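Just so it is clear, the structure is predicted and the values come from calculations on it, not from any experiment. Residue numbering restarts at 1 for every chain, and letters A, B, ... go by the order of the sequence lines.
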Protein chains: 2
Amino acid sequence: MLKYQQIANQIEHYIEQHQLQQGSKLPVLETLMENFSSSKSTIIKALDLLEKKGLIFQVRGSGIFVRRKSRRGYINLLSNQGFKKDLEEFDITTEMISLEIVKPTQEAADNLQIAKDQDVYHVKRIRYISGQTLCLEESYYDKSIVTYLNKQIVTESIFDYIREGLGLNIGFSEMYIKTGKLTDEESEYLKLPTADPKLIMESIFFLANGTPFDFSKVTYNHEQSQFFLLGTGL
Amino acid sequence: MLKYQQIANQIEHYIEQHQLQQGSKLPVLETLMENFSSSKSTIIKALDLLEKKGLIFQVRGSGIFVRRKSRRGYINLLSNQGFKKDLEEFDITTEMISLEIVKPTQEAADNLQIAKDQDVYHVKRIRYISGQTLCLEESYYDKSIVTYLNKQIVTESIFDYIREGLGLNIGFSEMYIKTGKLTDEESEYLKLPTADPKLIMESIFFLANGTPFDFSKVTYNHEQSQFFLLGTGL
DNA sequence: CAGTGGTCTAGACCACACA
DNA sequence: GTGTGGTCTAGACCACTGC
């Protein structure tokens, strides 16, 4: 692991262990340089990581301070995968509805930038939070990249498998969010009245080399799902 | 303006002017260092900026490539203020409904971290996109920080005024997103049936020194509003 | 004006992609 | 193995905050 990541982790643990509150001042740069025996740039890189994660904020001419978000139980829109971390205090489970190899819909082919006659894995899953339905997920994986999937992988973590099992590097994503009314099928799965509000999140995930490999449409139960986002550098 | 920002801007313009497509390769680091007569770290810092903005992606051992998002007409959730940039092809206008100095609600006081007897500016506005209602906004500004507001400021850009008029440094934000059903009042303003879906976005904005100064609740018209978010470094 | 964070440089060395 | 991006260092100098 890289030095600046290690330093970032150590500072993060330090903040956690000492239960530092919003606004607490961290040691100055020079002290951190000595403590971690490293150069200024490396410390700054570690701090930038923490700032991006929303754990600290830096004020020029003044110091480095702890930042704490005020609300709990919201899902981080940028948490780079999964609700696990945000909702770890809750009980999240996944149920597979279907897993099959098909030809993509027009929409899926467009978003995956592939031809309509190429094979894709089509996966439908439901996520539960403390027994209640959290969301309904429909995903398409480019089979020429994600060459194999089975029930176990799909019930656990597909992304972990892609990274570790297939040795692929996941790079970046695009996410599109809107609201709408639940269809009959959706309201049945989510156990909510038809035409109730839903939150729709469409995501496209790309490998580090820029190739899209996953297009997902997720419908969230409006009574269970709340999202947050931390902005930096306005 | 800082050197790395200038370089970032120039590269951005270069991409725009040459209409580079998704996946186009940019010159290698060494070439960029020569072209902009600067050190490696400065170029990398400029590229990191562009990567964060979602304009390029860097692949170690391979090169620097142009990234283009696939859809238009969505609002960037991280665009650091305003829809102007995302929706510049559309006609956005703002109408002020009310502007008054009041004592905060419990909710506003909590989010602004002030006492309930401190004064706040309470602002209600409607935003239109091509004549249709886009959203309904209710904001509270800590009057001890944002000492003055008038109709003109509120109809134009409050944030520009805070930055330039008051000389304050805006730092970071927290945003919370959920869905719900429109109330009678909201549906009247948004010209949609009562109980139709709405998207609620609550934001808290902080000065660079960590003090919250603005708490806003925005209700979006579900037929007009679509958001996007670019993820990096998964 | 002292204290503190940020920018920029030059250069050594490392890690990964791809042919 | 060559090309290419990323990490890390030491140090000069700049810019902002707050007493």
Specify the separation, in whole Å, of atom [atom1] of [X] and atom [atom2] of [N].
| X | N | atom1 | atom2 | result |
| --- | --- | --- | --- | --- |
| Leu29(A) | dA15(D) | CG | P | 18 Å |
| Ile43(A) | dT7(D) | CD1 | P | 15 Å |
| Lys25(A) | dT17(D) | NZ | P | 14 Å |
| Leu32(B) | dT9(C) | CG | P | 13 Å |
| Glu30(A) | dG6(C) | CD | C1' | 15 Å |
| Phe36(B) | dT7(C) | CZ | P | 18 Å |
| Lys3(A) | dG6(D) | NZ | C1' | 15 Å |
| Glu51(A) | dG6(C) | CD | P | 7 Å |

In dot-bracket notation, what is the pairing pattern of DNA chain C, taking Watson-Crick (N1-N3 plus N6-O4 or O6-N4) and G-U wobble (N1-O2 and O6-N3) contacts under 3.5 Å, with [ ] crossing and | for other strands? ||||||||||||||||||.

Is Lys217(A) salt-bridged to Glu107(A), cutoff N-O under 4.0 Å?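 Yes.
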
Before accepting this row, confirm whether a basic side-chain N of the pair Glu16(A)/Arg68(A) lies closer than 4.0 Å to the acidic partner's carboxylate O.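 The answer is yes: the pair qualifies as a salt bridge.
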
dT4(D), dT7(D), dG6(C): which one has an atom nearest the side-chain heavy atoms of Gln58(A)?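 Looking only at side-chain atoms, Gln58(A) lies closest to dG6(C).
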
From dT7(D), dC8(D), dG6(C), nucleotide with atom closest to Lys45(A) side chain: dT7(D)

Within 45° of the axis and under 6.0 Å from the centre of the six-membered ring of Phe228(A), does NZ or CZ of Arg71(A) qualify? no

Regarding Lys178(A) and the six-membered ring of Phe227(B), is the cationic atom NZ or CZ under 6.0 Å from the ring centre and inside 45° of its axis?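 No, a cation-pi geometry is absent between Lys178(A) and Phe227(B).
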
Taking protein heavy atoms under 4.0 Å as touching, what does nucleotides 10-19 of chain C look like 5' to 3' if B marks base contact, S marks sugar-phosphate-only contact and - marks none? B----BBB--

Rounded distance (nearest 0.5 Å) linking atom [atom1] of [X] with atom [atom2] of [Y]:
| X | Y | atom1 | atom2 | result |
| --- | --- | --- | --- | --- |
| Leu78(A) | Lys53(A) | CG | NZ | 13.0 Å |
| Arg163(A) | Ser157(A) | CZ | OG | 7.0 Å |
| Phe206(B) | Thr232(A) | CZ | OG1 | 13.0 Å |

When the aromatic ring centroids of Phe172(A) and Phe205(A) are compared, is their separation below 6.0 Å?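 Ring-ring flag for Phe172(A)/Phe205(A): false, centres at least 6.0 Å apart.
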
Which part of the nucleic acid does Ile44(B) contact within heavy-atom distance under 4.0 Å: base, sugar-phosphate only, or nothing?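 Counting heavy atoms under 4.0 Å across all strands, the contact made by Ile44(B) includes a base.
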
Name all residues meeting the side chain to side chain contact (heavy atoms under 4.5 Å, CB included) criterion together with Tyr4(A); count only those two or more places apart in sequence or in a different chain, and write none if there are none. Leu2(A), Thr42(A), Lys45(A), Ala46(A), Leu49(A)

Is there a side-chain polar atom (N or O) of Tyr4(B) under 4.0 Å from OP1 or OP2 of dT7(C)?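 Yes, because at least one side-chain N or O of Tyr4(B) sits under 4.0 Å from OP1 or OP2 of dT7(C).
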
